[in-house]
Q: 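My questions all concern the structure below.
Here is the naming used below: chain letters follow the sequence lines, and residue numbers restart at 1 for every chain.
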Amino acid sequence: MLIAVLAIFALAALAPLLQPRLPERWLAPVLAALPAALVVYFLRLPIPTVDAWEWAPLLGLRLSFAYDGLSRLFALLITGIGTLILLYAGPYMHGHPRIGRFYLYLLLFMGSMLGLVLADNLILMFIFWELTSFSSFLLIGFDQHLPQSRASALQSLLVTGGGGLALLAGLVLLGMAGGSFEMSELLTRGAEVRGHPLYLALLLLILAGAFTKSAQAPFHFWLPNAMAAPTPVSAYLHSSTMVKAGVYLLARLSPVLAATVPWHVLVGGVGAVTMVTGALLAFGQTDLKRLLAYATVSALGVMTMLLGLGGEAAAGAAVMFLLAHAFYKGALFLVAGGLVHATEERDITRLSGLRRAMPLTAAAAILAAISMSGAPPLAGFLGKELALDVVWHAPALAGVLSAGTALASALLVGVALAVGVQPFIGAPSPAASHAHEGPPGLWLGAVVLASAGVIAGIFPWLTIQPLVGAAVDAVVGAPVALKLTLWHGVNVALVMSTFSLLAGVALFTQMPIARARLARFTPFRFGPTEWYRLSLNGLFRTAAVQTRLIQSGYLRRYILLTVTLTVSLVGVTLFIREIPLSQGATGIRLYDAGIAAVVLLAALGTVMARTNLGAVAALGTVGFGMALIFAMFGAPDLAMTQLVVEALLVILFVLVLYDTPRSAPRSRMGTRTRDWIIAGGAGALMTILVLVATTVQLEPPVSSYYVDQSVPAAHGHNVVNVILVDFRAMDTLGEIAVIALAGVGIHALVRLRPGRTPS
Amino acid sequence: MNSLILRTAVRAMQPVLLLYSLFLLVAGHNQPGGGFVGGLIAAAALALYAIAYDASSARALAVVNPRTTLGAGLLLALLSGTMALGAGRPLMTGLWVDVPVGDGYFALGTPLLFDVGVYLVVVGTTLLIVLTLVED
């Protein structure tokens with residue numbers, strides 16, 4: 001499984017390299033070959049499979065993946081729909097100069113999402129979680145020249161990234177409460193976690209992460225704005241896969257976290273509110289993609305609410321709804337993209353009569369719309385029936401929840417008809433005059449997904465029963481007997497769904513009036529979007545004020561502040577703790593005293609020198625004196641490094657000061673006295689610290705181990721070097737990374753000063 | 001800086017400094033030396049060249065862009081650690097081979113690659129900083 005994920009990442013890296021070398025028509029099919037192969041791979045991979053690679057066992061680090069029913073469902077969705085999206089993206093982004101980059105980002109997302117659903121380790125899953133947010137950011141902002149794209153991308157990143165931060169804290173708490181970071185172990189320790197004192201805290205944090213990613217109210221506002229992305233992105237990320245990551249997390253952690261009062265209230269409540277809000281907001285839209293985006297919000301609300309209600313029936317409903325939604329929403333988004341591509345028109349009030357011009361797209365759209373409306377015999381009907389049944393039998397607030405679900409369904413029927421049916425019936429509008437069916441890539445995906453919805457609906461026991469059943473087993477944590485049939489008998493659910501279907505059709509016929517009424521219905525002037533904008537502006541203003549106060553721009557101010565603070569804080573601590581100093585110096589040799597005297601004199605010379613270059617030379621002498629001290633104490637490597645560093649510093653100082661005036665202006669007597677006091681204090685502090693450090697021994701020394709093992713284990717006589725590059729190589733790796741960053745940072749800061757042209 | 005003395009001295013010292021830095025790099029495992037010092041000396045040599053002449057001559061002498069050197073060094077250091085993964089050992093385990101030379105043998109290992117990576121990073125960073133300041 002690790003290889004599957006890595007293969008996608010490798011393909012992502014290859015995509016921009018392949019793009020100039022392959023004819024454009026072949027690029028998408030070639031790239032789509034890998035996800036298509038993975039579909040077959042995942043179909044044949046048995047349940048359950050576990051794959052773990054211990055790459056640093058001493059640190060307890062392993063890359064672990066687990067495959068069960070839930071992962072299988074998601075993996076098939078990700079790779080299957082991903083194949084169709086890649087084939088769609090080819091003709092849709094035809095001729096785009098940066099299409100290689102587009103495929104890179106898209107495949108990067110695919111790999112991250114796949115890793116997310118396959119990961120067994122909480123932290124590994126989190127890494128992929130953040131990678132999906134990141135690749136989503138890159139994809140939404142793909143049209144970089146448009147300010148709207150950039151703003152929407154930033155908004156999505158801030159919202160999902162902020163949620164991600166909370167999620168990390170929650171996952172760490174979960175690992176601590178459950179005693180393990182492996183999900184397969186946590187799933188068996190549900191009772192411990194639920195009874196843990198930190199349960200509520202970790203639940204809230206994890207829910208924050210899940211709700212932001214799955215656009216639950218009040219974090220739903222980033223999803224409609226994410227429609228600024230190209231349509232393949234909207235169809236893939238923001239309807240079928242990425243936004244479902246939160247739902248996946250809730251489903252995956254259900255056995256551990258669910259069935260408590262906070263879970264029911266929070267997850268169920270937020271889901272229900274989102275369901276209704278999304279449906280209401282959807283109805284008032286006229287832009288094709290925003291319509292579908294709000295409808296997706298509402299659908300995600302349904303899934304969340306069902307998971308919140310908990311229980312076997314709800315789990316079955318949630319999974320079935322998820323699958324049906326992926327089919328019809330993906331198809332509708334692809335249709336929307338096809339419509340935009342053919343007519344350049346995104347407003348549904350201006351689209352009609354396209355059935356003759358685009359017959360295949362029309363067929364797919366109508367089928368998807370019927371599935372979305374929850375009409376038999378399509379998959380959407382199966383999902384809707386199960387959901388309505390669960391809601392009607394809810395342990396509490398059944399009436400309210402049922403009414404809300406019915407209302408949301410009715411509104412969504414209207415939306416489905418508006419997007420899937422209206423553009424194709426009636427007389428052709430002006431926008432339809434030049435429309436025609438595009439190349440196969442454009443309508444293939446929609447047709448496949450819509451057909452899947454039909455076949456799954458009519459023959460569920462043949463096609464999707466094992467898939468859905470295994471997923472439900474994983475969500476509940478125990479095998480569940482699930483039967484998917486079209487006919488459940490005449491029950492309340494059937495009545496409710498018939499009613500909502502009829503109401504939806506009625507709403508659709510009155511759509512313009514209903515939309516106008518709804519648009520005037522804005523109870524909350526200050527919606528989440530306003531809050532987001534205010535908080536962002538507030539952040540910028542606070543940063544500006546604080547920077548003006550603290551960052552004056554003068555180096556001497558910064559040093560003054562830093563030194564004073566350090567001296568006072570450390571000095572006070574030393575004083576309060578009354579740490580003993582060492583017993584004083586014994587056996588001072590003549591050359592020790594001599595070197596110390598040289599260093600002291602040189603330091604005095606630095607301060608009192610008449611010219612800047614003289615001060616630099618004296619400073620160099622201090623450094624060379626230090627190197628001598630190191631040599632005296634038997635550290636040749638250290639002494640050599642100090643010598644070279646000092647030489648380089650002197651060279652750099654000379655370089656910088658060469659063209660400046662010979663001596664800096666003197667400061668006033670008062671200032672100099674203040675500076676003497678602070679500098680003296682810093683010197684005294686360092687002296688005391690050194691005297692203290694020789695008496696403090698926290699742990700037994702490891703140096704004897706290194707000295708003993710240096711030759712036999714590490715083949716080296718120079719213990720210092722062996723420690724640096726062998727025993728403690730990890731630390732050194734971190735250090736050189738920091739050095740590299742510092743170099744790049746300095747380069748950037750110097751080159752990007754205002755007024756200079758960057759090279 | 002327009003000094004004949006500096007230019008001549010730098011000209012003469014160049015090859016010695018660069019060779020010595022390589023020597024320190026290789027000898028570091030058994031005697032004082034190592035990647036850090038070696039890298040600093042090589043960088044100091046090139047920095048002196050940049051000051052005596054000008055930055056573009058130093059860049060020409062360095063052949064490779066300092067940024068590339070930096071990145072290559074980091075990559076090499078990381079790869080030397082992952083080679084152990086390929087052999088089924090934990091990350092960053094040192095792998096050694098004994099190369100027969102004359103009478104005895106010579107031990108070659110991944111820590112040497114790591115040290116070379118450190119060397120390149122130090123050279124790259126220092127050069128990047130110095131050349132940026134010189135060109136400013």
Side-chain angles (χ1 to χ4, degrees), chain A residues 53-59 61 631 635-645 647-649 651-652 654-656 658-659 710-711 713-718 720-722 724-730 732-733 735-751 753 756 759, chain B residues 1 21 24 27-37 39-41 43-44 47-48 50-51 66-67 70-71 73-74 77-78 80-82 84-85 90-94 96 98 107-115 117-118 120-122 124-136:
Chain A
W53 184 32
E54 305 232 345
W55 59 281
L58 284 175
L59 295 171
L61 290 175
D637 293 83
L638 217 52
M640 262 205 302
T641 315
Q642 175 70 17
L643 273 171
V644 183
V645 169
L648 258 178
L649 272 175
I651 294 174
L652 275 177
V654 167
L655 171 71
V656 170
Y658 190 67
D659 289 323
S710 170
V711 176
H715 301 86
H717 289 274
N718 183 357
V720 175
N721 187 270
V722 166
L724 273 179
V725 302
D726 202 335
F727 288 130
R728 305 287 251 181
M730 283 288 256
T732 314
L733 189 60
E735 281 156 21
I736 56 176
V738 170
I739 291 175
L741 268 173
V744 172
I746 293 176
H747 178 77
L749 279 176
V750 172
R751 281 285 155 83
R753 283 204 313 266
R756 296 184 96 261
S759 68
Chain B
M1 208 175 290
S21 78
L24 278 178
H29 219 53
N30 292 308
Q31 275 141 39
F36 283 106
V37 193
L40 277 175
I41 291 185
L48 272 175
I51 294 170
R67 281 206 296 271
L70 205 140
L74 271 179
L78 192 61
S80 75
T82 53
L85 285 177
L91 187 68
M92 287 285 179
T93 309
W96 292 88
D98 285 331
L108 270 181
T110 52
L112 178 63
L113 277 178
F114 188 82
D115 225 355
V118 170
L120 289 175
V121 169
V122 173
T125 310
T126 318
L127 266 187
L128 189 62
I129 298 175
V130 170
L131 290 177
T132 309
L133 289 175
V134 169
E135 283 164 353
D136 202 36

Q: Which atoms of L643(A) come close to chain B, meaning under 4.5 Å heavy atom to heavy atom: side chain ones, backbone ones, both, or neither?
A: neither
Q: Measuring from D726(A):CG to T110(B):OG1, what's the distance to the nearest 0.5 Å?
A: 7.0 Å
Q: Below 4.5 Å from any heavy atom of chain A, which atoms of S80(B) appear? Answer side chain, backbone, both or neither.
A: neither
Q: Name the member of T125(B), N30(B), L48(B), T132(B) that forms the most heavy-atom pairs with chain A at distances under 4.5 Å.
A: N30(B)
Q: Which atoms of V720(A) come close to chain B, meaning under 4.5 Å heavy atom to heavy atom: side chain ones, backbone ones, both, or neither?
A: neither
Q: Would you mind telling me which of A729(A), A639(A), P636(A) has the largest number of heavy-atom pairs within less than 4.5 Å of chain B?
A: A729(A)
Q: Heavy-atom cut-off 4.5 Å, strictly under: side chain, backbone, both or neither for I736(A) against chain B?
A: both
Q: With F36(B), which of I739(A), V725(A), V644(A) fulfils side-chain contact (heavy atoms from CB on, under 4.5 Å)?
A: I739(A)
Q: For the interface with chain B, which of V722(A), V645(A), L741(A) has the highest count of heavy-atom pairs at distances below 4.5 Å?
A: V722(A)
Q: If I measure from the heavy atoms of chain B, does A740(A) come under 4.5 Å with its side chain, its backbone, both, or neither?
A: both
Q: Would you say that T641(A) contacts L40(B) through its side chain, given a criterion of any heavy-atom pair below 4.5 Å between the two side chains?
A: yes
Q: Considering only heavy atoms and a distance below 4.5 Å, find which of A47(B), G124(B), P111(B), P66(B) pairs most often with chain A.
A: P111(B)
Q: Taking the side chain from D637(A) and the backbone from G33(B), do they hold a donor-acceptor pair closer than 3.5 Å?
A: yes
Q: Between T93(B) and A84(B), is there a donor-acceptor pair closer than 3.5 Å when you use the side chain of the first and the backbone of the second?
A: no
Q: Using every non-hydrogen atom in the two residues, find where L724(A) and F114(B) come nearest and quote the distance to one decimal.
A: O-CE2, 4.2 Å
Q: For I651(A), is it the side chain, the backbone, both or neither that has a heavy atom under 4.5 Å from a heavy atom of chain B?
A: both
Q: Would the distance check show the side chain of D115(B) and the main-chain N or O of G35(B) forming a donor-acceptor pair, the cut-off being under 3.5 Å?
A: yes
Q: Output, in order, the C-alpha distance, side-chain angles, deciding distance and verdict of salt bridge (Lys or Arg N to Asp or Glu O under 4.0 Å) for R751(A) and E135(B).
A: CA-CA 10 Å; R751(A) 281 285 155 83; E135(B) 283 164 353; 2.4 Å; yes
Q: Of the backbone (N, CA, C, O) and the side chain (C-beta and beyond), which part of L24(B) lies under 4.5 Å from a heavy atom of chain A, both, or neither?
A: side chain
